[in-house]
Every structure is written in structure tokens, then in C-alpha cells.
Asks: 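Here it is: the structure, laid out below.
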Amino acid sequence: MLKINSSQYNVSEKDSFSESLVTAESLAEIFSIDQNAVLRVTRKYPMRINPYFLSLIGKAGDPIYKQVIPDLAELDQEIFLKPDPLCEEPQSPVPSLIHRYPDRVVFMVSNQCAIYCRHCMRKRRLGQEKQVSESDIAAGIAYIRSTPAVRDVILSGGDPLMLDNVRLEQILSQIRQIPHVEIIRIHTRIPCALPQRVDNFLTDILKKYHPLYVNIQFNHPDEITPQSTAACAALADAGIPLGSQTVLLKGVNDDLKVMMTLMQRLLQIRVKPYYLHHADPVEGTRHFRASIETGLNIMRHLRGRLSGIGVPQYMIDLPGGGGKIPILPEYVLESGPCQLKVRNFEGAVFTYPLR
Ligand SMILES: *Cc1c(COP(=O)(O)O)cnc(C)c1O
Ligand code: SF4
């Protein structure tokens, strides 16, 4: 086991989110990795690991380790990889907000996260600036207010729950005052990556702004601990529907058994698997990209063997800002005027009458 004890990490103290973060030096000591290699990577892509998440690492190279420990492979350049392949920036009417679909926006209210995931699709932005400025947030709210088509506001980032409670509540209440906004979603990794942040103070705020949904990124069963279970229970008890967004990651969860276990455990902690994202072609994340065939195999395996509410949708996000689309295993083998020839979850072939 590691030398760091997560119980020493008291998040109720001031500046709780940035204290006692792990340094390159301590990593080199714990895992006997090359400190200079870590520094070379972090010059381009900052590192952030808190003691809680570090404590989940069982050994060097395991699925938790891979998500947060810098890897020289992040510096590999490939022609098809882009810092912003999904064209989020051209689709940003103001710097803090992406408006891609007619009825919903992604509002990036924070540049900070409890951990910086090495596979992050917004790697280009993270940790680069200290905070999203007040004026960028004000401009985002003004945009939403003046755009009646927006009925769903997704707070994202970075991680919105890295904001302090006062700031978070200001943003939530301003959005809630806009009559055409029907639902608010928070996309976060906090319940998984820094579950101690979810306390009564936070849930008392969140539950004032219903209908509010929280989607959490969980990528591996080892992330489901007594602490993350308690965080999800607190959110669910505050009446917040919880969903998960898992990223398919090579060496982390590109495995039938791991993914099955993850989805089962998510259901046990009242989190409904929402999306399984195929990793985007983002610069610095190439080594995490599994094949589509791997993703489809996982989906084929889950369907029929796992409660239907535990089966996420497998999504790819189209380069150029085309949006997300689901990709599905092929179940229809032949389609004729009178019947369909289909395959069930075990591969058996059936004929389905159409008239
Ligand atoms: C993913 C995403 C959304 C939300 O998509 P849903 O399918 O509604 O969850 C909205 N805007 C952008 C830019 C996105 O990338
Ligand atoms: S928590 Fe989300 S936004 Fe932050 S680094 Fe991880 S994937 Fe990126």
C-alpha cells in the first residue's frame, strides 16, 4: 500500500481543494518513476492528484494510476489528433459556453478539477488559468438569458463542483431565474475523485435548484469505495437523479468483466449508466484510445446479461462539432418486406414477423 493516508486529507479546511496535492517529487519516490519525465509532461499538461484518489492506486500501472499519472506518450504527435477536434471553440458564442445543439448549452464555469485526468478531452484548457473569470461567467449567463431556445444548461468545465459553495450558488440561482431554462445538469468527477467535497452544505444548495441532474464520470470499479458511495447516496437523497459518463479507456476499462462490474456497482450506488464515451481524437490522449470493435464487443456483452437500466449508450462525438451519435452492435441481420432476421444477445438468430 501507499504511504499517503487519505484520512489526513481534511477537505473542510480552507483552500481545501488545492492543499496537499501530490508533487512530481513525491510520485518519483512512491512509484520510482523518472521525475524528469513527469516534469516534461506536466510542462504541457498539468498534473493534479489528491491524496484520496492517489490512495486508490493499488500499484504502478493499474487502472487508477493510468488515469492520473503523467505518461510520456502524452507528448506523442500524430497528424489526426487535434487539441480541439470537436470544434468546441468555434461553437462558443462566448468563451465559457458551447452551443452545439439547439436546446442545450455546455457552460464551462471552472477550469479546475479535483484530479487532472490524463485522458481528458478538454486537456487543452485544464489548469491553464487559475479560474474562469467573473466576466466570462457573466457573459455565459447573459447569453443563456438572451437565447430562449436554451432549455437545458450543463455546468461543466473543468469541474463545476470545484467552485466554492457561494460562487456555485450564485451561478445556479442566476440560471434558475431565467424562465426558459427548464433543467440544469452538473457534469462532474467530484463524487468519484474527491467525494469528501459532497457534504450537507453542498447538497442543501443543490436541492434548491431542482430539476437538477448530476452526471458523474466513473471509469473503473475500484473508484466505487465507501467514500464515493456515501457521496452518491447524499446526492441521491437530495433528490438528484444521478447518471454516469464512462470513457472507454485502453488499459483501464476496455474489458468485458471490468465494464460489467463497473455498471453493476454503479446501479448499486444509485447511479444510472448514461453514456459510454469512445475517447475523442484529442492530442495527448492517443494511448488511451481503444478500437470501436472493443467498444461494440462490450456493448454486445452487456445487453441481455445486465439489467437494462445498467446498459449505457455507446457514443462517439463527431469531429467538427457534429454532435454525439450512438453506435450499436448490429442486431438486424436482414430486413425484408415481411420479416426481419435478427440476432439476440447470445447470437441466436430469430425471424421477426412484420405483418
Ligand atoms: C455532450 C454535449 C451535450 C449534451 O449532450 P446530451 O446528449 O444531451 O447529454 C451538449 N452540448 C455539447 C457541446 C456536448 O458535447
Ligand atoms: S475531471 Fe473531467 S474535465 Fe477534469 S480532467 Fe478529468 S475528464 Fe477532464
Side-chain angles (χ1 to χ4, degrees), residues 17 42 45-50 53 64 66-70 74 83-93 96-128 132 140 144 147 149-163 182-195 197 213-220 223 241 243-249 252 272-280 282 284-285 288 312-326:
F17 306 132
T42 56
Y45 302 117
M47 170 177 83
R48 187 168 213 170
I49 311 166
N50 63 57
F53 207 74
I64 306 293
K66 287 199 169 123
Q67 291 183 66
V68 288
I69 307 291
E74 293 171 50
D84 180 21
L86 308 179
C87 288
E88 293 189 330
E89 280 164 28
Q91 292 182 337
S92 295
S96 59
L97 186 141
I98 310 163
H99 194 177
R100 174 172 301 152
Y101 299 104
D103 67 330
R104 62 213 115 128
V105 292
V106 171
F107 189 8
M108 296 170 290
V109 293
S110 163
N111 276 335
Q112 307 286 308
C113 302
I115 52 175
Y116 290 143
C117 309
R118 309 322 297 176
H119 56 268
C120 180
M121 55 88 78
R122 280 195 202 121
K123 235 175 140 104
R124 66 181 190 278
R125 291 176 65 103
L126 291 180
Q128 307 293 348
V132 176
I144 297 165
T147 314
V150 176
R151 37 162 296 281
D152 174 3
V153 174
I154 300 167
L155 299 186
S156 180
D159 199 313
L161 298 185
M162 288 298 282
L163 296 173
E182 294 168 8
I183 64 169
I184 300 174
R185 294 193 256 177
I186 294 180
H187 283 191
T188 176
R189 249 204 122 167
I190 287 277
C192 164
L194 186 61
R197 163 77 177 102
Y213 294 75
V214 169
N215 282 321
I216 310 161
Q217 187 185 143
F218 276 106
N219 294 329
H220 192 275
E223 294 161 7
S244 72
Q245 310 213 64
T246 298
V247 188
L248 176 63
L249 297 169
V252 173
K272 153 98 188 71
Y274 176 47
Y275 282 161
L276 171 62
H277 294 283
H278 193 73
D280 299 313
V282 169
T285 65
F288 283 113
Q313 293 195 71
Y314 179 37
M315 306 299 280
I316 56 175
D317 212 333
L318 303 177
K324 296 182 190 69
I325 56 163

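Note that ligands are numbered from 1 as they come in the structure, with each ligand's atoms numbered from 1 the same way. Worth saying up front: this structure is predicted, and the values here are computed from it rather than measured.
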Asks: Which protein non-hydrogen atom lies closest to atom 7 (O) of ligand 1, naming both residue and atom, and how far is it?
Replies: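 Among all protein heavy atoms, the one nearest atom 7 (O) of ligand 1 is Y275 OH, 2.5 Å.
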Asks: CD1/I183 to OH/Y213 distance, rounded to the nearest 0.5 angstrom?
Replies: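 One finds 5.5 Å between CD1 of I183 and OH of Y213.
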Asks: Should you measure from each heavy atom of V106, which atoms of ligand 1 turn up under 4.0 Å away?
Replies: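 By the 4.0 Å cutoff, the relevant atoms are 10 (C), 11 (N), 12 (C), 13 (C), 14 (C).
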Asks: Which one holds for Q217 and ligand 2: side chain close, backbone close, both close, or neither close, with close meaning a heavy atom under 4.0 Å?
Replies: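 It is the side chain that gets close, since no backbone atom is under 4.0 Å.
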Asks: Say whether S156 and R122, considering side chains only, have a donor N or O and an acceptor N or O under 3.5 Å apart.
Replies: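 Judged by distance alone, the side chains do pair up.
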Asks: For atom 4 (Fe) of ligand 2, which protein N/O/S atoms fall under 2.8 Å? Skip waters.
Replies: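 Atoms qualifying: C113 SG.
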Asks: Heavy-atom contacts under 4.0 Å between R185 and ligand 1: side chain, backbone, both, or neither?
Replies: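 The answer is the side chain of R185.
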Asks: Numbering the atoms of ligand 1 from 1, which are under 4.0 Å from a heavy atom of I98?
Replies: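 Listed by number with element: 13 (C).
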Asks: Output yes when a side-chain donor or acceptor of T147 lies under 3.5 Å from a complementary backbone atom of A149, and no otherwise.
Replies: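 No, T147 side chain to A149 backbone: no donor-acceptor pair under 3.5 Å.
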Asks: Working note: R104 + E182, criterion salt bridge (Lys or Arg N to Asp or Glu O under 4.0 Å); need CA distance, chi angles, decisive distance, verdict.
Replies: CA-CA 10 Å; R104 62 213 115 128; E182 294 168 8; over 6 Å; no
Asks: Between E88 and ligand 1, does any nitrogen or oxygen pair lie at a separation below 3.5 Å?
Replies: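 No, E88 has no N/O under 3.5 Å of an N/O on ligand 1.
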Asks: What do we get for R104 next to ligand 1 when only non-hydrogen atoms under 4.0 Å count, side chain, backbone, both or neither?
Replies: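 Only the side chain of R104 comes within reach of ligand 1.
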Asks: Could you tell me whether the side chain of Q245 and the main chain of H277 form a donor-acceptor pair under 3.5 Å?
Replies: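 No, because the side chain of Q245 does not come within donor-acceptor range (under 3.5 Å) of the backbone of H277.
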Asks: Which protein heavy atom lies closest to atom 9 (O) of ligand 1, and at what distance to 0.1 Å?
Replies: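 Answer, as residue, atom name and distance: Y274 OH, 2.6 Å.
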Asks: Considering only non-hydrogen protein atoms, determine which one is nearest to atom 15 (O) of ligand 1 and report residue, atom name and distance to 0.1 Å.
Replies: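 Checked against all protein heavy atoms, atom 15 (O) of ligand 1 sits closest to K324 NZ, 2.9 Å.
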Asks: With heavy-atom distances below 4.0 Å as the criterion, list the atoms of ligand 1 near I154.
Replies: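 Close to I154: 3 (C), 4 (C), 10 (C).
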Asks: R189 pairs by side-chain contact (heavy atoms from CB on, under 4.5 Å) with which of N215, I115, L161?
Replies: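 One option only clears the test, and that one is I115.
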Asks: Working to the nearest 0.5 angstrom, can you tell me the gap between E223 CD and S244 OG?
Replies: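 It comes to 10.5 Å.
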Asks: Looking at D84 and E89, would you say the former's side chain and the latter's main chain have a donor-acceptor pair under 3.5 Å?
Replies: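 Judged by distance alone, yes, a pair lies under 3.5 Å.
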Asks: Scan V247, T285, D280 and name whichever one has a side-chain contact (heavy atoms from CB on, under 4.5 Å) with M121.
Replies: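 When side-chain contact (heavy atoms from CB on, under 4.5 Å) is applied between M121 and each of V247, T285, D280, only D280 qualifies.
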Asks: Might you work through the salt bridge (Lys or Arg N to Asp or Glu O under 4.0 Å) test for R197 and D159, ending with a clear yes or no?
Replies: CA-CA 12 Å; R197 163 77 177 102; D159 199 313; over 6 Å; no
Asks: If you measure from CZ on F288 to CG on N219, what distance do you get to the nearest 0.5 Å?
Replies: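 Separation between the atoms: 9.5 Å.
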